[in-house]
Amino acid sequence: MAKRPASSLLFEGSEWNFATLSRAYDAIEAIAIGEMGLDVYPNQIEVISSEQMLDAYSSVGMPLMYQHWSFGKRFVFESHLYRKGYRGLAYELVINSNPCITYLMEENTMPMQALVTAHAAFGHNHFFKNNYLFRQWTDASAILGYMDFAKKYVAKCEERHGPAAVEEILDAAHALMDQGVFHYRRPPRLSSEKVTERARERLEYEEQTYSDLWRTLPTAGGNAGIEAAEQEALERKQALNLPEENLLYFLEKHSLILEPWQREILRIVRVIAQYFYPQGQTKVMNEGCATFVHYFIINRLFDQGRMSEGAMLELLASHANVVFQPDFDDPRFSGLNPYALGFAMMQDIERICTRPTDEDRDWFPTIAGNGDWRGTLLDAWENHRDESFILQYLSPTLMRRFRLFHLTDRADERFCEVASIHDERGYSAVRAALARNYDPGVNRPDIQVIDVDLLGDRQLRLRHRVKSGILLNESDRDATLAHVRRLWGYNISLSGVDAETGASLYECSATEA
């Protein structure tokens with residue numbers, strides 16, 4: 001292989017400086033924007049040490065974060081594994097903000113700096129800016145300012161009320177973070193004028209339809225009290241907008257014991273939980289998008305003669321490690337690697353668009369052979385989350401390559417059953433089963449506030465809709481209920497009902513000790 005002229009290379013060797021970083025960034029940007037058609041936030045590239053990367057790990061990856069003992073605990077844990085050589089550090093860290101902040105490790109070689117710039121500053125950046133979940137649930141322009149406010153506010157609360165009091169509220173709020181997000185868009189609240197107008201229309205309708213003959217009918221006797229109680233409960237639930245899925249929101253708005261500063265801390269934790277909500281639903285797509293982008297860009301740089309053979313070999317070795325999928329009997333196996341599955345699906349979409357088989361034409365008639373793999377990928381990145389993406393784009397070719405099949409495991413059966421294999425019906429069942437694994441509605445506990453009488457006993461009633469017979473771990477459940485009671489101040493009851501039949505499965509409570 002002929003040696004490439006040094007004058008055309010973006011860099012030589014492994015050492016880097018800010019001039020080479022800038023030169024590589026410009027070349028990567030030209031391909032990402034000009035050839036791939038990516039649409040990104042302005043980039044802010046920062047180079048940090050391994051110690052600073054560990055610190056970023058401990059504070060959930062945010063550049064600004066309030067203090068809490070759990071962050072220090074995680075820092076010690078990650079630092080111990082890193083220094084013992086049991087775990088490496090990420091080559092980069094990227095923040096969904098505007099401008100998009102990408103942290104590069106100063107220990108990286110120059111080829112790795114180029115790869116992670118393509119991966120994070122353009123791949124992740126494009127996905128953050130364009131995917132519908134991030135557009136719907138996050139405000140990239142405001143998050144850094146809000147985190148700065150949150151950090152200063154918590155510090156001020158610690159000065160005024162003491163670290164122990166603030167820590168107690170944060171402990172309880174952190175325990176409820178998974179139940180502190182909205183999963184669906186809420187309808188806008190009616191203005192006071194609208195509420196008054198609807199009440200007036202309802203009264204007018206009742207006056208027009210009223211007949212004095214109803215007064216002469218016999219009363220229902222003992223049922224009158226029951227009906228009145230049911231009507232009162234209905235009005236109470238409507239006033240509180242129950243049932244409510246966001247437990248932190250309900251406690252913030254309706255707890256009778258919290259002081260204003262405590263409510264604001266609950267709101268801070270709730271906003272952070274909502275900020276991370278899209279990331280949990282797009283792991284395969286987000287990492288697949290970024291990996292596909294960096295792979296395309298480094299290959300284009302090599303084809304243009306701007307990357308040496310040595311640098312390319314280093315980057316391909318790193319890329320292969322990222323997308324490696326261990327076999328089920330490998331000690332390293334922990335499920336499907338999101339990088340491997342995501343990248344394979346992106347490459348497969350490119351193949352289907354440009355080199356389809358007859359099978360592809362049967363399964364994907366709208367994209368097979370359309371020749372526009374860039375437009376197809378951009379559309380998929382914008383309009384899907386992991387569940388819908390897999391359900392729509394996972395091909396039989398990939399199912400064979402990953403050797404996927406569907407097992408059913410019933411508690412009342414002695415053996416597992418291979419329910420679906422590689423045939424026409426089996427492909428559809430395997431794809432649907434895999435997609436369900438990425439559905440947050442299936443995997444998260446569905447716990448809602450269903451009732452509370454603020455003028456009566458003030459007992460907060462929660463309901464857990466049990467799916468597939470999977471109950472909550474009792475010790476974790478009881479510990480979490482204790483945190484709920486700390487924030488509510490009165491008794492808590494939790495009932496478990498079967499999501500399909502409505503049958504009662506269990507009931508427990510958290511009362512004052």
Side-chain angles (χ1 to χ4, degrees), residues 1-40 43 45 47 88 90-92 94 102 104-127 286-325 337 339-340 342-355 371-378 381 401:
M1 184 181 294
K3 188 174 181 180
R4 294 167 186 253
S7 59
S8 67
L9 297 177
L10 292 172
F11 51 83
E12 293 186 82
S14 61
E15 298 299 320
W16 61 268
N17 55 42
F18 288 103
T20 54
L21 283 180
S22 177
R23 190 162 58 248
Y25 178 90
D26 291 341
I28 291 167
E29 182 181 41
I31 297 172
I33 305 300
E35 295 188 30
M36 299 192 75
L38 302 186
D39 176 25
V40 298
N43 274 304
I45 309 294
V47 182
Y91 296 112
E92 45 75 29
V94 59
T102 300
L104 306 181
M105 283 262 287
E106 64 182 8
E107 289 86 349
N108 292 347
T109 63
M110 184 56 218
M112 284 305 305
Q113 301 290 39
L115 182 143
V116 298
T117 298
H119 181 95
F122 291 94
H124 282 310
N125 189 345
H126 171 87
F127 196 85
N286 202 344
E287 297 300 352
C289 168
T291 305
F292 181 87
V293 167
H294 86 229
Y295 186 76
F296 180 89
I297 289 175
I298 63 174
N299 276 281
R300 287 292 293 129
L301 290 175
F302 182 77
D303 293 341
Q304 293 172 359
R306 315 202 67 186
M307 188 89 71
S308 68
E309 288 86 352
M312 193 64 181
L313 286 173
E314 176 185 345
L315 296 184
L316 290 177
S318 176
H319 172 82
N321 289 333
V322 167
V323 299
F324 172 64
Q325 175 59 58
N337 176 0
Y339 292 84
F343 177 66
M345 290 188 67
M346 306 309 170
Q347 280 197 313
D348 199 47
I349 289 173
E350 179 187 14
R351 178 193 63 79
I352 292 169
C353 291
T354 55
R355 303 179 305 280
D372 183 19
W373 62 266
R374 291 175 178 83
T376 302
L377 282 174
L378 291 174
W381 292 340
R401 175 180 158 189

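Quick caveat, the model's predicted, so the values are computed rather than measured. Note that the numbering runs from 1 along the sequence shown for the chain.
- Remark: Ala290 engages His119, His124 in a side chain to side chain contact (heavy atoms under 4.5 Å, CB included) (not counting sequence neighbours).
- By the side chain to side chain donor-acceptor pair (under 3.5 Å) test, Thr102 is found to be paired with no residue, residues two or more places apart in sequence or in another chain being considered.
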In a table with atom names and distances, give each donor-acceptor pair under 3.5 Å that connects a side chain of residues 342-350 to protein atoms at least two apart or in another chain.
residue: Asp348; atom: OD1; partner: Arg351; partner atom: NE; Å: 2.9
residue: Asp348; atom: OD1; partner: Arg351; partner atom: NH2; Å: 2.9
residue: Asp348; atom: OD2; partner: Ser395; partner atom: OG; Å: 2.5

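- Asp26 meets the side chain to side chain donor-acceptor pair (under 3.5 Å) test with no other residue; sequence neighbours excluded.
- With sequence neighbours excluded, no residue forms a salt bridge (charged side-chain N to carboxylate O under 4.0 Å, His left out) with Asp372.
- For Asn17, the side chain to side chain contact (heavy atoms under 4.5 Å, CB included) criterion is met by Ala19, Thr20, not counting sequence neighbours.
- Listed by chain and number, the residues in a ring pair (Phe, Tyr, Trp, His ring centres under 6.0 Å) with Trp373 are Phe292, Phe296 (sequence neighbours excluded).
- With sequence neighbours left out, His126 forms a ring pair (Phe, Tyr, Trp, His ring centres under 6.0 Å) with Trp381.
- With sequence neighbours left out, Tyr339 forms a ring pair (Phe, Tyr, Trp, His ring centres under 6.0 Å) with no residue at all.
- The stretch residues 287-302 participates, sequence neighbours left out, in these salt bridge (Lys or Arg N to Asp or Glu O under 4.0 Å) pairs: Glu35-Arg300, Lys283-Glu287.
- Residues forming a side chain to side chain donor-acceptor pair (under 3.5 Å) with Gln325 (at least two apart in sequence, or on another chain): none.
- Shown here are the side chain to side chain donor-acceptor pair (under 3.5 Å) partners of Tyr295, two or more places apart in sequence or in another chain: there are none.
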